[in-house]
Amino acid sequence: MDSKIKNELIEAARLARERAYAPYSNYKVGAAILASSGKIYTGCNFENASFGAGTCAERVALGAALAAGEREFSAVACIGGDDAITPCGICRQALSEFGDMIIYCGSADGEVREYTLAQLLPFGFSL
Ligand code: THU
């Protein structure tokens with residue numbers, strides 16, 4: 001991937017992380033997804049006093065992109081805390097609905113690891 005776009009995607013996730021609403025875990029996550037249109041959509045995690053009502057940053061970003069009419073994606077960046085975050089199992093499955101894509105996994109202090117979704121979710125469920 002073009003390194004300028006990669007850096008934009010990671011920076012968008014980093015900015016989104018600052019808007020996370022995580023008063024219960026204090027674990028803030030930001031995500032950004034790159035659509036085939038070239039647009040980037042962002043999301044942050046939000047938590048709730050009723051714990052199960054919260055949602056991960058990656059699915060918030062995916063939902064924002066889908067609501068804007070996007071259906072094809074080439075990359076996602078997610079930024080977590082002290083260590084590079086990898087998306088949770090539900091987020092991997094949610095993203096896999098839209099095929100394989102690059103996943104940039106970053107920490108708050110700048111470390112970034114690169115995977116493919118297929119590496120992170122071998123044998124994911126599909127109909
Ligand atoms: N979280 C995410 O936003 N993305 C992930 O991939 C894993 C976990 C959030 C959910 C919850 O608000 C907090 O991190 C701690 O689990």
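A quick note: this is a predicted structure, and the numbers were derived from the prediction, not measured. As the structure lists them, so they are numbered: ligands from 1, and atoms in each ligand from 1.
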(message) Before you tell me yes or no, could you show the steps for Ile10 and Lys6 under side chain to side chain contact (heavy atoms under 4.5 Å, CB included), namely the whole-Å CA-CA distance, both residues' side-chain angles and the distance that decides it to 0.1 Å?
(response) CA-CA 6 Å; Ile10 291 167; Lys6 171 184 165 181; 3.9 Å; yes
(message) Side chains of Ser50 and Asn48: any donor to acceptor distance under 3.5 Å?
(response)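 Checked: Asn48/Ser50 side chains show no N/O donor-acceptor pair below 3.5 Å.
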(request) Please say whether Ser25 places an N or O atom under 3.5 Å from an N or O atom belonging to ligand 1. (result)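 N/O-N/O distance under 3.5 Å: no.
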(message) Is it the case that ligand 1 has an N or O less than 3.5 angstrom from some N or O of Ala57?
(response)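 Checking ligand 1 against Ala57, an N or O pair does fall under 3.5 Å apart.
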(request) Locate the shortest heavy-atom distance separating Tyr27 from Gly81; write the atom from each residue and the value. (result)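 The answer is OH-N, 3.3 Å.
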Would you mind listing which atoms of ligand 1 come within a distance below 4.0 Å of any non-hydrogen atom of [X]?
X	answer
Glu58	2 (C), 3 (O), 4 (N), 5 (C), 6 (O)
Cys56	1 (N), 2 (C), 3 (O), 4 (N), 5 (C), 8 (C)
Pro87	6 (O)

Kindly check if the number of other-residue, nucleotide or ligand heavy atoms within 6.0 Å of [atom1] ([X]) is above 12?
X	atom1	value
Asp83	CG	no
Leu15	CG	yes
Asp109	CG	yes

(request) Determine, using heavy atoms of Ala22 and all atoms of ligand 1, whether some pair is separated by less than 4.0 Å. (result)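 Ala22 does not count as a contact of ligand 1 under the 4.0 Å cut-off.
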(message) Closer than 4.0 Å and a protein heavy atom, does any atom meet both conditions relative to atom 3 (O) of ligand 1?
(response)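 Under the 4.0 Å cut-off, atom 3 (O) of ligand 1 does have protein heavy-atom neighbours.
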(request) Please report which non-hydrogen protein atom sits nearest to atom 9 (C) of ligand 1, along with the residue it belongs to and the distance in Å to one decimal place. (result)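 That would be Asn45 ND2, 3.5 Å.
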(request) Would you mind checking which non-hydrogen protein atom is closest to atom 12 (O) of ligand 1, with the distance to 0.1 Å? (result)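 In this structure, atom 12 (O) of ligand 1 has Glu47 OE2, 2.5 Å as its nearest protein heavy atom.
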(request) Applying salt bridge (Lys or Arg N to Asp or Glu O under 4.0 Å), name anything that partners Arg92, two or more places apart in sequence or on another chain. (result)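 For Arg92, no residue satisfies salt bridge (Lys or Arg N to Asp or Glu O under 4.0 Å) once neighbours in sequence are set aside.
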